[in-house]
Amino acid sequence: MIQSKADLQRYIAADLAQAGITSWRPWMGLRYPLLRYQRILRKTEYTVNCARGPVRKLTAFLRQYILRRAGIKLGFTIHPNVFGPGLSIAHWGTIVINPNARIGANCRIHPSTSIGETNGGSPQIGDDCYIGPGAKLFGPITLGDRVKVGANAVVNKSFPSDVVLAGVPAAVVKTTEPMGV
């Protein structure tokens, strides 16, 4: 969660690194609309989390409005404070994520993905995950680190780290070795 300007800079740098970019230039917003959206998301998270006093709360409200408008243009419903640093959105298209979901660092997510709530619970996903196009994850589930969810998989139960999931309902199709072992 972004709690300071240093956190904001760290999150933005991690998001840019996932795209292979070392520094941001103002003209890049035209060339990279997804990264522009991610910058808006991160700045909104900072403003919402650090808003103190009526003027800053108004600024937080306006930033949320700008985020919502940018999301409508790209087809995203992504709320602040859901993703850790290093977010990588592959393409624009429909991505719907419940505000109570929590996704760790270095997540790559593809379009037509839904991460939703059922039975009062939302998914909790670890670090270094990959969520393929059309994947549906819902309910009070937990996915470990380095989990890869295949295209059009429907995940409705928890899985450990270092697995590849596919199918409807999702099942482990491969176990992977963790990096550095």
Item to check | Phe76 side, atom CZ; Trp92 side, atom CH2 - distance, nearest 0.5 Å | outcome: 9.0 Å
Item to check | side chain to side chain donor-acceptor pair (under 3.5 Å): pairs with one or both residues in residues 124-141, sequence neighbours excluded | outcome: Asn106-Asp128, His110-Tyr130
Item to check | Polar side-chain atom of Asn119 near backbone of Gly121 as donor-acceptor pair, under 3.5 Å | outcome: no
Checklist entry - For Arg10, does the CZ atom have more than 12 heavy-atom neighbours from other residues, nucleotides or ligands under 6.0 Å away? => result yes
Next on the checklist: Any non-hydrogen side-chain atom of Leu16 less than 4.5 Å from a side-chain atom of Leu35?
Outcome noted: yes
Checklist entry - Are the side chains of Ile125 and Thr142 in touch, meaning some heavy atoms are under 4.5 Å apart? => result no
Checklist entry - Has the side chain of Thr176 got a donor or acceptor atom that lies under 3.5 Å from a matching backbone atom of Asp162? => result yes
Next on the checklist: Working to the nearest 0.5 angstrom, can you tell me the gap between Leu34 CG and Gln38 CD?
Outcome noted: 7.0 Å
Item to check | Heavy-atom closest contact (Ala153 atom, Ala166 atom, distance) | outcome: CB-CA, 4.1 Å
Item to check | Side chains of Pro133 and Thr113 in contact at under 4.5 Å (non-hydrogen atoms) | outcome: no
Checklist entry - Is there a side-chain contact between Met28 and Ile21, using heavy atoms and a 4.5 Å cut-off? => result yes
Next on the checklist: Quick check: closest heavy atoms across Val149 and Ala135, and the distance to 0.1 Å?
Outcome noted: CG1-CB, 3.8 Å
Checklist entry - Would you say Leu165 and Val155 make side-chain contact, with heavy atoms under 4.5 Å? => result yes
Next on the checklist: For a quick test of reading the model, state the closest non-hydrogen atom pair linking Pro99 to Val82 and the distance between them.
Outcome noted: O-CG2, 3.9 Å
Checklist entry - Judged by atom type as modelled, is there a donor-acceptor pair below 3.5 Å linking the side chain of Thr94 to the main-chain atoms of Ser112? => result no
Item to check | Distance, nearest 0.5 Å, that separates OG1 of Thr44 from CZ of Arg39 | outcome: 12.0 Å
Checklist outcome for this item: Contacts satisfying salt bridge (charged side-chain N to carboxylate O under 4.0 Å, His left out) that involve residues 54-77 (not counting sequence neighbours) are none
Checklist entry - Any sub-3.5 Å donor-acceptor pair from Gln18's side-chain atoms to Ser88's backbone N or O? => result no
Item to check | Spacing of CH2 belonging to Trp27 relative to OH belonging to Tyr32, to within rounding of 0.5 Å | outcome: 6.0 Å
Item to check | Closest heavy-atom pair and its distance - Met1, Asn49 | outcome: CG-ND2, 3.4 Å
Checklist entry - Of the non-hydrogen atoms in Pro123 and Ile115, which two are nearest, and what is the gap between them? => result CG-CG2, 3.6 Å
Next on the checklist: Testing the basics here: between Pro33 and Leu74, what is the closest heavy-atom pair and its distance to 0.1 Å?
Outcome noted: O-CD1, 3.9 Å
Next on the checklist: Run the side chain to side chain contact (heavy atoms under 4.5 Å, CB included) test on Cys129 and Leu143 for me, step by step, so that the C-alpha distance in whole Å, both residues' side-chain angles and the decisive distance to 0.1 Å come before the verdict.
Outcome noted: CA-CA 9 Å; Cys129 64; Leu143 299 182; over 6 Å; no
Next on the checklist: To the closest 0.5 Å, what do you measure between CG (Leu137) and OG1 (Thr118)?
Outcome noted: 11.0 Å
Item to check | CD1 on Ile89 to CD1 on Ile109, rounded to 0.5 Å | outcome: 7.5 Å
Checklist entry - Does the side chain of Leu87 come within less than 4.5 Å of Arg42's, by heavy atoms? => result yes
